[in-house]
Structure formats: C-alpha cells, structure tokens
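What follows is a short report on a single structure.
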Amino acid sequence: MADASKFKAEKRASADADPTDASRKKSKKDSAEKYNPYLAHMYDGANGNGDEPSPNSPFAGVTRRRSTAVQAEKIEDLDTNPFTGETHSQKYFQILEKRRDLPVHKQRQEFLDKYHDTQILVFVGETGSGKTTQIPQYVVYDELPHLTGKLVACTQPRRVAAMSVAQRVADEMDVRLGEEVGYSIRFEDKTGPKTMLKYMTDGMLLREAMHDHEMSRYSCIILDEAHERTLATDILMALLKQISMRRSDLKIIIMSATLDAEKFQRYFNDAPLLAVPGRTHPVEIFFTPEPERDYVEAAIRTVLQIHATEDEGDILLFLTGEDEIEDACRKISLEADELIREVDSGPLVVYPLYGTLPPHQQQRIFDKAPGPVRKGGRPGRKCIVSTNIAETSLTIDGIVYVVDPGFSKQKIYNPRIRVESLLVSPISKASAQQRAGRAGRTRPGKCFRLYTEKAYKKELIEQTYPEILRSNLANTVLELKKLGVEDLVHFDLMDPPAPETMMRALEELNYLACLDDDGELTTLGAMASEFPLDPALAVMLISSPEFYCSNEILSITALLSVPQIFMRPANNRKRADEMKAHFSHPDGDHLTLLNAYHAFKGQMTSNPDGGKQWCHEHFLSLRHLSSADNVRSQLKRIMETHGLELVSTPFEDKNYYTNIRRALLAGFFMQVAMKESSGKLYRTVKDDQAVLIHPSTVLRTEFDWVVYNEFVLTSKQYIRTCTGVRPEWLLEIAPMYYDLDSFEQPDMKRSLARAAEKKRRKEAMKSTR
DNA sequence: CGCACTCTT
C-alpha cells in the first residue's frame, strides 16, 4: 500500500464532513483549530506509530491494540459508518441486533483482553458460534487498519467459503464487497485500495508469501478452520511461527473447532486459548451391538428403518463415492415405495450428493421434503446420500437423522513407488463427531453409527492424518524453497512428514533440475515455482518453446490440470466412445486431448451459443473445458511475464505431433513405461512396477515405450493418459536420468543401448557425408 | 476393459 497516507487523509476528511457523528461533537471545539484533514499526514505519528485516531474521528479515544468492547459497540451504534462516512441502512441495524445475539458476542471483551496480551492466540469455537464472521470484525475495530494501512487477513480452506463469508461480513459492516471488505481467490481478486479486511483461501496467502516473505502487508493474520489441517494451512502455521519471531508487530490467531486446541497451543509455544461455546442441539448417539459385514447394505436398512419408525425429520447418509451413492439411492427409492404400500409410510425423496455432480443438481438437496401422499397421511421426508462433502463443505439445515457407516475415501501417498491413490478407510473420531453434529443444527437429533462402541473407542484414530502426511511433497518442497526456507530438515512443521517422502521430493526436484546437487533452487526451479502447477508440468511448460510447440503444450498442461473432459455416462458408454473416436490420435491420449480442445475452440469461435449443445452431442464436459480455458489464460499470463515465447510448429509440418510428444518428455521423463516382451504388461522405469495401460486409452498401435500422466491404483495398477515415445528421445532429452551405466532393468537397458547405437550410426553417417 | 473423497495455487 504505497499511498496509505493519502488514503488516511481522505478517510479523515470524509469522517469530518459528517455532522451526525456524536462521539466527535464533544471534542470538536478544542480540536477545530488543531485538526485540518488536508494536513492529516502532518498529524500522523502522534504516538510514533502513525496510527492514533484524530480527535474528531469516530475512533477518537480509541488506542490501537488497547480498545474495549464498549468503545467498539458505541461506534457500531452510530448512525454513520465510521469507515465510509455514509449513513447506515436500516438493514445494518437489523443485522447488528442478530450479531449481538451470537454466542461469541458475550466474550468480546474477554477476546480483546487476551488478544492484547499475546502475539499468538488460539481461538476455539464450535459451529454456530459466529467466529468466522465476528472475530475478524472485532480485530478490525482494534487494529484500525484504515489508519495504519495494514490489512487484516482471514484464510479459508475453500474458495466458496472465502467468497460467501466476505459477502456476509460486507453486509454486516454496511460496505460494498471489494471495497473495505474483500476477498482474494484464484482467478478473482475482489479487493481494492480501501480494503481493510480480506478473506482469502489459505493457498492464496501462501502464494503471496512467496513474493513477500515477511507478509508485511498484514498486521493480523487469522487462520480459520485450522483443524482441517490442509497442506497450505500447515505450511502457513510453520511460516507464521517463524515470521512471528522477526516481526513482533504481527498478530496471529489460529481458529479451530474444539478438538485439537491443546495441540495448537503447544505448537505455538503455549499460546493462550479462548473457547466459545457453539449453538447446537444435543444429538443422541446409537452404536450397533455387533460389527456389520456389509456397510452399504446396513446403511440402506437403517435409512428405511428410520423412515418407517421415527418422527418427522430429514436423513443424511454418508457413503464413500459416486457409484456407491447412485446405487444406494436407487435401492432406497425402490424400497421406500414399497413401504408406502405396506406400512402406509410417508413419501421419501432421495438425493445423491458428491463433488462432481453438476451444481444445479447439487442445489436440489435444499428442496423442501415432500408432503403426505394423501390427505391426513404421514408427512414425507428427504434423504441425502453424500460423500464427505457434507461433512465440511456443505451444511444442510433440517437434518435430524445421520447414518454414519464410518468410512470415507482418503488420499494415501506411497513414497516407495511414488504413487498417490484413493483408498476407502475408516474415519477418525473427529470426523465421526463432525458427522453426528450435522444432526443437531436445527433441533435435537439422532446419529446411527454402523459400528460398535468398542470399535469407536479402540479402532478409530483421534484425528484424520493431516494432508501433509498423505501427499507427494515435490510441489510443497519447491514452494518452501521459494519461500526462503533454507533448512527443510529443521523447518518446524506441526507434523513433520516421513523422511523418505521428503527425500523422494528432493530427488524428483533434482532430476527436474529445479534444485541443484546442493539442494539450492535453480533458475529453472524459481521459474517453475511461479506456476500453479506440479513441478513436472511446470518444467514441461517452461521447456516447450525449445520444442517449437509452447502453444500446444500450454493447452495440454491446462487440460491435464482439470478433471477429465471426456464424459462416459453409464447408460450411454458406447455412443460416448464413438464420439471420442472423432478426436482420437493414434499416437496417444495427450494428442487426443489436444484435438478435442481444438475442436471445442473452433466450435466456440464459429458458434459460441451452440457450445453447450455441441459438448453434449460430443460427450465433452463444457464445465471442465471452460475451466481448462481459464487455467490456460492464467498460465499464459505467467509465461508472458517470464519472457517465455508462445510458438507452434506449422500444422502441415510432419513434425507437428512429434515435437509435442518430445516436449512431453521434458517434464515427464520419469513417468515412462516399457512394454514387456510378452503380452500387454508394461513396466515403469526405475520403480519397476508392473502396470497396464488404462482401458480408456486411444492407443491402438503398440508402442514399446510410453510416457504417462498418472499412475492409478484401483482394482489393478494402471497408467492413464499415455502417449507413445521413442527410446532415443529419452537419451537426448533426459541423459542424466537415462544414464546407461547406472540403469538396472536389463530389458530396458538393452532397448536403450540399441537406440543409442542406432543414433551413433546415424550421426556417423551424417558426418562422413 | 474401466471406479473423480474433498480441496487448492
């Protein structure tokens, strides 16, 4: 904020121009000759900090970081907005009344006292306490960011949360979103020069820190939902712990749901704690007496039993994935229809809920439960069958019954074979409590756990393992290097990952030439860290101009960063495969993606309104293609700022596709597999895993060598999104990695040696000519 | 012959 002082002067001028400011009137007389808003800059620094409010501002008498709840409430009660100088709307006072009714309001002074006494505060508030909306406002009224020019930031793990909370708080403070209160998420920065309070995703703050290691724009940083332990939150905590030692003026608040408070306190050198009760209703918990063999079958049975015997109220069932959910929905619907006939029950509407469901279908879960089938009949209810999305991201009011089989799909990382995979695993106690809590949002509820009490106590872990322990850390390590963290081994993370995971990440970055042999960031590495991509993708993109196809690699990179664009609905698989064949390129799936994207762009240029129809006919996802387009322009901007050229090989040139296939190897030379002499099996380079090419592939010609985008571990080990390559390219493009002397797998070594020999002969012939 | 739990830069 370069023009902070100008901003301050304007602010004071507007506050001064307002005659209704009661707190100012008293002091006006003696300050009239002393205070001139146009000379405001001269009065800055009365206390040496440049942050003392002027005598006739609404904040007169308020000392920064010494304010009281009474002072703040008086200012909130004024007719005029202390930040904009505008008269408050009717709505403002209506909302203010509701805000004063929130549990957290009673402890405003207690919060301020603790906040004043410490640099780092742990704040625990259950759902419904109002912490996410109120605490940042309490901080604003104490930090006076409009006078200091330093912002208050509040992070959220999810974009939608950052956006919706910012909107809510802008309404509460009676300001326009994007002015005094704003938000910052990927693809959208809704903040301005006047912004004092900024909601943002945790990943966004981490990105900012890469260019401002001291986080000097902020006077207070609030990490919300810290108990979720996202990768970004964990790194921010370690970073802030470090920065707090250098910047004594920076205040930090860690906000969390109850469970792990002590762990946060201990981590932040026994930081003080403030706890605020939530506003929830009691939930009665039932366990099964015996373990269930088939949790899906048991879940369906339980839902139907609730419907037949329990009082009015909606049901939420947690299952693990799309297919399981769709299947269960069908079965429940069928059985519920029978219940109407057999026991005269009310109607039951069943809704599936999972992340990849189109938004308009997700919206249906908020529909009202159906009424009775006939006059005087029993009332209907709705049943939502959901993944974990209903545990954290989405809250549905009106849920009275929760059915919890105790499982969810979780990401697991195996550093030995460098594979991230999804596995159905038992949930943690914390998750189980969170799930149960969903039954008590509007009135007392019941939670049916499909496991025994003994299993809950003895077998469930306390907390879900934080993401940092379940991920490939190549990207994280690169970010940390860029963040200026020199000593990774002693970087004080709350839960340090396994040394092997760290080693794997360092090794991978070294092969990609992002880190040198001493572990120092290279020029390439520094540039790669600027892209919101995994290192292999970033390196491929940066190298692509050398292969005369950066335009095409840019498109492919974007397409690989979004969910699958080819749709394959269960009832129309054959037709979908036929349509995909239109785009297929015999040499590989990457090229097929590119063809589909080019066809899409062509369509959108000639007839943008027909895009939806066209995508539907071709079984392509318009949503994911548009999002790839969005990612593409963001990446393009970053390329341009780094002087990376956007070039193409002419389409008529016979090397058009060859150049692209070669460029893929510049980033993905470590993700290559070679066909075994017998059969369909491939083996991955170095890790030596037996794999099959995923059946979704377009590859028909049999390539001895393929480069692949991902390793998927499901019923079998698959490599997905594959393109054929030639062994001599491997030797040329990644000679360090394909060093024949250190190569162990004999078949591969032989094939590579033959390629090397062939290449030598060719070159010899050229030179003798 | 196929299986995207949720997010994010």
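Letters go in sequence order (proteins before strands), and every chain restarts at 1. Model, not experiment: these values are computed from the prediction.
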Q) Do A/Lys331 and A/Glu297 sit within salt-bridge range, that is, some charged N less than 4.0 Å from a carboxylate O? A) no
Q. Starting at CG of A/Asp327 and ending at P of B/dC3, how long is that distance when rounded to a whole Å?
A. 17 Å
Q) Of the candidate nucleotides B/dC1, B/dA4, B/dT8, which contains the atom at the shortest distance from the side chain of A/Arg158? A) B/dT8
Q. So what does A/Pro157 touch, heavy atoms closer than 4.0 Å: a base, only the sugar-phosphate, or nothing?
A. sugar-phosphate
Q: Mind calculating the distance between CZ (A/Arg438) and C1' (B/dT6) to the nearest angstrom?
A: 13 Å
Q | A/Glu676 and A/Arg683 ion-paired at < 4.0 Å | A | yes
Q | Nucleotide nearest A/Arg186 (side chain, heavy atoms from C-beta), chosen from B/dT9, B/dT6, B/dC5 | A | B/dT9
Q.
Looking only at the side chain of A/Asn475 (C-beta and beyond, no hydrogens), which of the listed nucleotides B/dT9, B/dA4, B/dC7 gets closest?
A. B/dT9
Q | Contacting residues from residues 200-216 of chain A, given that a heavy atom lies under 4.0 angstrom of DNA chain B | A | A/Thr201, A/Gly203, A/Met204, A/Arg207
Q) Relative to the 5' end of DNA chain B, which residue comes earlier, A/Lys411 or A/Pro532, by the nucleotide with the nearest heavy atom? A) A/Lys411
Q. Does the side chain of A/Thr387 get closer than 4.0 angstrom to OP1 or OP2 of B/dT6 through an N or O atom?
A. yes
Q) With sequence neighbours excluded, what pairs up with A/Glu326 under the salt bridge (Lys or Arg N to Asp or Glu O under 4.0 Å) test? A) none
Q) By ring pair (Phe, Tyr, Trp, His ring centres under 6.0 Å), which residues pair with A/His624, not counting sequence neighbours? A) none
Q: Go through the structure and list residues passing salt bridge (Lys or Arg N to Asp or Glu O under 4.0 Å) with A/Arg207, not counting sequence neighbours.
A: A/Glu479
Q. For A/Glu479, which contact category applies under a 4.0 Å heavy-atom criterion: base, sugar-phosphate, or nothing?
A. base
Q) Rounded to whole angstroms, how far apart are NE2 on A/His694 and C1' on B/dC3? A) 8 Å
**Q.** Closest nucleotide among B/dT9, B/dC3, B/dC1 to the A/Pro695 side chain
**A.** B/dC1
Q: Could you pull out the closest heavy-atom pair between A/Val706 and A/Cys722, with the gap in Å?
A: CB-CB, 4.4 Å
(Q) According to side-chain contact (heavy atoms from CB on, under 4.5 Å), who are the partners of A/Asp577, at least two apart in sequence or on a separate chain? (A) A/Arg568
Q: Could you tell me the separation between the CG atom of A/Leu353 and the CD1 atom of A/Ile365, rounded to the nearest 0.5 Å?
A: 4.5 Å
Q | Nearest-angstrom distance, P atom, B/dC5 to B/dC1 | A | 23 Å
Q.
Is the phosphate of B/dA4 approached by A/His624 (side-chain N or O, under 4.0 Å from OP1 or OP2)?
A. no
Q) Among the nucleotides B/dC3, B/dC7, B/dT9, which one has an atom lying closest to any side-chain atom of A/Ile389? A) B/dC7
(Q) Expressed as a whole number of angstroms, how long is the span from A/Leu713:CG to B/dA4:P? (A) 10 Å
Q.
Using the side-chain heavy atoms of A/Lys409, tell me which of these nucleotides is nearest: B/dT6, B/dC5, B/dC3.
A. B/dC5
Q) Residues two or more places apart in sequence or in another chain: which of them pass side-chain contact (heavy atoms from CB on, under 4.5 Å) with A/Val424? A) A/Tyr295, A/Thr320, A/Phe407, A/Lys409
**Q.** Nearest-angstrom distance from the residue atom CG of A/Leu692 to C1' of B/dC1
**A.** 9 Å
Q: Applying ring pair (Phe, Tyr, Trp, His ring centres under 6.0 Å), name anything that partners A/Phe264, two or more places apart in sequence or on another chain.
A: none
**Q.** Distance, rounded to the nearest Å, where A/Phe187 contributes CZ and B/dT8 contributes C1'
**A.** 10 Å
Q.
Can you measure A/Phe407 atom CZ to B/dC3 atom P for me and round it to whole angstrom units?
A. 21 Å
Q. Whole-Å distance between B/dT8 C1' and A/Ile468 CD1?
A. 14 Å
(Q) Need one value for A/Arg573: base, sugar-phosphate or nothing, where a base atom within 4.0 Å counts as base even if backbone is also close, heavy atoms only. (A) nothing
Q) Who passes ring pair (Phe, Tyr, Trp, His ring centres under 6.0 Å) against A/Tyr456, sequence neighbours left out? A) A/Phe287
Q.
Within the 4.0 Å heavy-atom criterion, would you say A/Asn388 contacts the bases, only the backbone, or no part of the nucleic acid?
A. nothing
(Q) From the set B/dC3, B/dT6, B/dT9, return the single nucleotide nearest to any side-chain atom of A/Ile185. (A) B/dT9
Q: Using a 4.0 Å heavy-atom cut-off across all strands, classify A/Tyr718 as base, sugar-phosphate, or nothing.
A: sugar-phosphate
(Q) Let's see if you get this right: which residues in residues 423-431 of chain A place a heavy atom under 4.0 Å from DNA chain B? (A) none
Q.
Reading DNA chain B from 5' onward, which residue's closest nucleotide shows up sooner: A/Asp534 or A/Glu322?
A. A/Glu322
